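The structure under discussion appears below in the form of C-alpha cells.
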Amino acid sequence: MHLYRTHKCGELRKSDIGKTVKLSGWVHRKRDHGGVLFIDLRDTYGLTQIVAQGNADLERVRGESVITIEGEVVARAEGTTNAKMPTGDIEVVAKSVTVQSNADVIPFQVAEEDGAGEEVRLKYRYLDLRREGMHSRVRLRNNVIAAMRRRMWAEGFQEFNTPILTASSPEGARDYLVPSRLHPGKFYALPQAPQQFKQLLMMSGFDRYFQIAPCFRDEDGRADRLAEFYQLDVEMSFVQQEDVFEVMTNVVKGIFEEFADFTGTKHRVEFLPNMKYGDAMEKYGSDKPDLRNPLIVTDVTEVFKRDDVTFNAFKGVIAKGGVVKCIRAPKVADRPRSFFDKLNDWARGEGAVGLGYITFKDGAGAGPIAKFVPAEAQAILNKTAGMEEGDAIFFVCDMPEKAAKFAGRARDRICDDMGIRETGIYKLFWIVDFPMFELDEKTGKVDFSHNPFSMPQGGLEALNGPDPLKVMATQYDCVCNGYELCSGGIRNHKPEIMEKAFAIAGYPKEVLEKKFGGMLNAFRYGAPPHGGCAFGVDRIVMLLANEPNLREVYAFVMNGQYEDPMMNAPSDITEAQLKDLHLKLNLPKKVEAA
RNA sequence: GCGGGUGUAGUUCAGUUGGUUAGAACGCUUCCCUGUCACGGAAGAGGUCGCGGGUUCGAGUCCCGUCACUCGCGCCA
C-alpha cells in the first residue's frame with residue numbers, strides 16, 4: 001500500500017464504501033466527544049471526516065498538524081450525513097494513525113477567516129495560504145495564467161523568456177539595480193518591462209511574441225501596485241492598432257468570461273467602444289475611468305465667467321486660467337444636509353477648499369452657491385450640465401489639469417456615497433489617442449507624455465508640424481472597472497522619426513544613441529512595423545476575485561513598505577559581500593542611528 | 001517626501017466624563033462527554049494598553065514627541 005495516501009481528501013464517495021484507504025492531510029477541525037472523536041482532514045482537494053475511538057494520538061494532536069490515517073470508508077448513519085460537504089455521505093473509521101508533523105499553536109486560525117491583519121498574515125504566509133480564501137485565489141491565478149497561455153498559443157503566439165539581468169534605462173520608473181562583481185562600479189537593472197527585448201524579437205523576425213513577464217519597479221506601492229509583478233507581455237509584427245485590439249480583445253474578453261463566476265456571482269463582461277484619451281479626461285477626469293459609475297463631468301467655466309454670476313471665489317481662479325468642472329448627481333436634492341457635508345469634508349481632507357454644490361428644487365437653485373447664480377445663469381447651467389428637477393451639481397474649480405483630476409475623484413466619491421456603482425459586471429474598453437508630448441506645467445518644458453517609443457500619428461510630417469503638443473501617439477490602454485489593465489502602442493520603427501521625437505522632448509541625438517543604441521542599430525537592419533501591449537496579470541486576477549488589493553491574489557508578496565516579513569527581505573549583507581561587489585555604504589543619518 | 005486611519009491577550013475587537021483588580025469572542029491548557037460537523041459543558045492560564053516624555057492625587061483614556069502598519073497624494077511611460 002502507498003506510504004501516505006491512496007486517495008485525496010476531497011474524493012471519497014458512497015461508491016467507495018467498504019474500501020480500506022489511506023489519507024494524509026492537515027487537522028482542519030477536531031471535535032472530541034470523549035468516547036468518539038471526529039477530525040476533518042484537509043488537503044488542497046477537500047475535507048474528509050475521520051472518526052476514531054480511543055486513539056490517544058488523535059486525542060493529543062493539535063489543529064494544523066499533518067497526519068496520515070488508514071481506515072475503512074463507511075456510510076454515515078442516517079441523520080449524521082453532511083450535505084454541505086462533497087464527502088459528507090461517508091466517513092473514514094481510523095484504524096491506524098501516523099503523526100507526520102506536530103503543529104505548534106498557530107498564530108491565527110486557518111479553519112476560519114478571522115480577519116487577521118496583513119502584518120501577521122504575511123509573516124506566516126504559508127498558514128495564510130492554507131486558508132480557503134487565499135488558497136482558492138492563488139488557484140485562480142494559476143488557472144488564469146494557464147488560460148492566457150492556452151489562448152495566446154491558439155492565436156499563434158510563441159512564448160519567450162527575456163533577460164532578468166539587463167541594462168538600466170533612463171525612462172520611466174526607478175530601476176532595481178544589481179551590482180556587477182566582474183565589472184567594478186557597473187550595475188545590471190531588473191527589467192521594468194521587457195520592452196526593448198520584445199521589440200528586438202520582432203526585428204529578429206519572430207512575428208508574434210508573448211511572455212508572462214516579471215517586471216520590477218522601484219516606486220512606492222499602492223494597493224494595486226507592487227515592486228514586482230507579472231504582465232502578459234505581447235508584441236506583433238506588421239500590425240496596426242486595430243489588429244492588436246482584435247487579437248487582445250478576444251483573448252482578454254475570453255479570460256474574463258471564463259472566470260467571471262469565481263466569486264460565486266456570474267459577472268457579465270462587456271467590451272465597450274474605444275474612448276479617446278481627451279474624452280476620458282474631459283468626461284470622467286481620469287485616464288482609467290470606471291464606467292460602472294454613471295456620473296459624468298461637465299465644464300461650466302463659461303457660466304461662472306458671466307457678469308451676472310457673482311461667485312468671486314471661482315471668478316478669481318478663472319482669471320488666473322482656471323476652469324470650473326461640475327458633476328451632476330441625479331435625484332439627490334432631498335438628501336439630508338449630512339450627505340452634502342460629508343462630501344465637503346472629504347474634499348477638504350483631500351486638500352480642496354471644499355465641494356460646492358447647487359441643488360435644483362421646485363424650479364430654483366438652492367444651496368450655498370445658489371445665491372450667486374441668478375435665474376438666467378441657472379437655466380444655462382442646468383442645460384449645460386443636464387440638471388433636472390431634484391438633481392444636484394457639485395463644483396470643482398482649479399487649474400485645468402488639477403480640476404479635471406479632482407473632478408474625476410469627486411465623481412467616484414459621489415457615486416459611492418450615492419450607492420449607484422453598478423455591480424456584477426466587468427466594463428472593458430480601449431482608450432486611444434494619447435498625446436505624444438505634454439507640457440510640464442511647472443517648467444514649461446515639452447516632454448514625452450507616455451511611451452517615447454510609440455509611433456506618432458502622422459509620422460515625421462506630424463512631428464515637423466507647428467505644435468508638437470497636438471501630435472497624438474499610437475498609444476493605447478485597456479481599462480476595466482477603474483483599473484488600467486494594459487498599456488501598449490504601435491512602435492516607432494524608423495530611426496529618423498525617433499530622432500525627431502527625442503529632439504522635441506529635448507534629448508539630443510547623442511543621448512538617444514547612448515541609451516538606446518542597441519535598439520536603434522536594429523532598426524537600421526530591416527525593422528518590421530510592429531506593436532503590442534502588456535496586460536497586468538495580477539490586476540486581472542484581482543478583478544476576477546473581486547479583491548481591492550493585489551496582495552490577496554499573490555502567494556508570496558511584500559508589504560506596503562516593500563519588505564517581506566517572512567523572509568526578512570531586504571536584509572543586511574556581509575562586509576565580504578560588499579567588498580566583492582566593490583561597494584561602500586553611505587547611509588542616511590537616521591538609519592545609522594537605528 | 002506629504003496627508004488620513006489604526007495600534008489594548010496568540011487573533012479579532014470593546015473599554016463611558018481621567019477613578020477600584022483592563023474585558024468579550026475565538027484560540028490555548030486541564031477535566032467531563034459515543035454522533036459531532038463553528039459540537040457541548042466546567043475550570044484555568046494568558047496584558048510593557050506600540051514606545052518615550054509630560055499634565056494629574058490618579059492616564060488605556062488628555063497633551064507633546066516618536067515608531068510600526070495601512071489607505072491615499074506625490075512618484076509610477
Side-chain angles (χ1 to χ4, degrees), chain A residues 28-41 47-54 59-60 62-64 74 76-85 87-88 91 93 103-124 127-128 169-175 192-193 195 215-227 229 287 345-346 348-352 402 405-406 409 412-413 434-438 447-454 473 475-477 484 487-489 505 534 536 548-549 551 559-561 563 565 588 590 593-594:
Chain A
H28 185 69
R29 278 208 170 87
K30 194 170 117 183
R31 295 176 293 279
D32 188 348
H33 289 243
V36 62
L37 166 73
F38 302 97
I39 281 180
D40 292 335
L41 194 65
L47 289 169
T48 300
Q49 175 164 281
I50 311 299
V51 199
Q53 293 189 21
E59 277 163 25
R60 235 180 288 122
R62 220 183 254 131
E64 292 309 309
V74 302
R76 292 208 200 178
E78 203 172 322
T80 67
T81 56
N82 186 344
K84 281 185 267 177
M85 292 171 84
T87 61
E91 61 194 2
V93 179
D104 283 348
V105 176
I106 47 178
F108 53 83
Q109 294 310 293
V110 169
E112 48 200 281
E113 311 273 335
D114 62 358
E118 209 167 81
E119 219 173 335
V120 66
R121 287 176 56 203
L122 289 181
K123 183 166 179 186
Y124 303 95
L127 293 178
D128 193 32
S169 83
E171 284 297 321
R174 267 185 218 103
D175 287 316
Q192 296 176 27
Q195 180 69 32
C215 304
F216 306 87
R217 292 179 192 175
D218 186 10
E219 296 292 345
D220 289 8
R222 292 284 186 278
D224 66 341
R225 222 166 68 192
L226 300 172
F229 56 97
D287 58 359
D345 288 346
W346 166 81
R348 273 193 218 105
E350 296 293 314
K402 276 181 85 174
K405 272 188 152 180
F406 190 66
R409 293 172 59 204
D412 267 321
R413 179 70 194 206
F434 281 81
M436 186 81 200
F437 303 99
E438 67 188 3
D447 203 350
F448 291 112
S449 70
H450 290 86
N451 189 330
F453 300 112
S454 54
Q475 167 95 33
Y476 38 82
D477 282 1
E484 180 193 307
S487 205
N549 193 314
R551 291 180 207 117
N559 68 14
Q561 266 60 244
E563 298 161 314
K590 223 175 171 180

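Just so it is clear, the model here is predicted, and its values are computed rather than measured. Chain identifiers are assigned alphabetically (A, B, ...) following the order of the sequence lines, protein sequences preceding nucleic acid strands; residue numbering begins at 1 within each chain.
In this view, A:F437 and A:F448 satisfy the ring-ring contact (aromatic ring centres under 6.0 Å, His included) rule, not counting sequence neighbours. Taking A:H28 as the reference, nothing meets the ring-ring contact (aromatic ring centres under 6.0 Å, His included) condition, with sequence neighbours excluded. Residues passing the salt bridge (charged side-chain N to carboxylate O under 4.0 Å, His left out) test with A:D224 are A:R539, sequence neighbours excluded. Taking the salt bridge (charged side-chain N to carboxylate O under 4.0 Å, His left out) definition, one finds that A:E64 meets it with A:R42, A:R130, sequence neighbours left out.
When the nucleotides B:U36, B:G74, B:C76 are ranked by their closest atom to the side chain of A:E219, B:C76 comes out on top. Among the nucleotides B:G35, B:U11, B:C73, the one closest to any side-chain atom of A:F108 is B:U11. In this structure, of B:C76, B:G35, B:A68, it is B:A68 that holds the atom nearest to the side chain of A:E119.
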Pairing string of RNA chain B (Watson-Crick or G-U wobble, both atom distances under 3.5 Å; | = paired to other strand) is (((((((..((((.....[...)))).(((((.......))))).....(((((..]....))))))))))))....
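For B:C37, the base has no donor-acceptor partner in the side chain of A:R29 [N/O atoms by modelled type, under 3.5 angstrom]. At a cut-off of 3.5 angstrom, counting only N and O atoms as typed in the model, there is a donor on one side and an acceptor on the other between the side-chain of A:R76 and the base of B:C37. Side-chain N/O atoms of A:E78 and base N/O atoms of B:G35 include no donor-acceptor pair closer than 3.5 Å. In terms of polar N and O atoms assigned as donor or acceptor, the side chain of A:D220 never comes within less than 3.5 Å of the base of B:C75 in a complementary pairing.
In the model, A:S454 has a side-chain atom that pairs as donor or acceptor with a side-chain atom of A:Q475 under 3.5 Å. Between A:Q49 and A:R31, the side chains place a donor N or O and an acceptor N or O closer than 3.5 Å (distance only, hydrogens not considered).
Nearer the 5' end of RNA chain B, as judged by each residue's closest nucleotide, is the contact made by A:A223, out of A:A223 and A:A193.
Here the separation of B:C75 from B:G15, taken at their P atoms, is 40 Å to the nearest Å.
Ion pairing between a basic and an acidic side chain is recognised when a charged N comes within 4.0 Å of a carboxylate O; A:R348 and A:D345 show such pairing.
Under the stacking criterion of a centre-to-centre distance below 5.5 angstrom and an interplanar angle below 30°, A:F38 sits stacked against the six-membered ring of B:U36.
OP1 or OP2 of B:C69 lies within a sub-4.0 Å distance of a side-chain N or O belonging to A:Q561. Between A:N549 and B:U70, a side-chain N or O to OP1/OP2 separation shorter than 4.0 Å is absent.
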Which parts of nucleotides 26-34 of chain B does protein reach within less than 4.0 Å, heavy atoms only, written one letter per nucleotide 5' to 3' as B for base, S for sugar-phosphate only and - for none? -SSS---BB
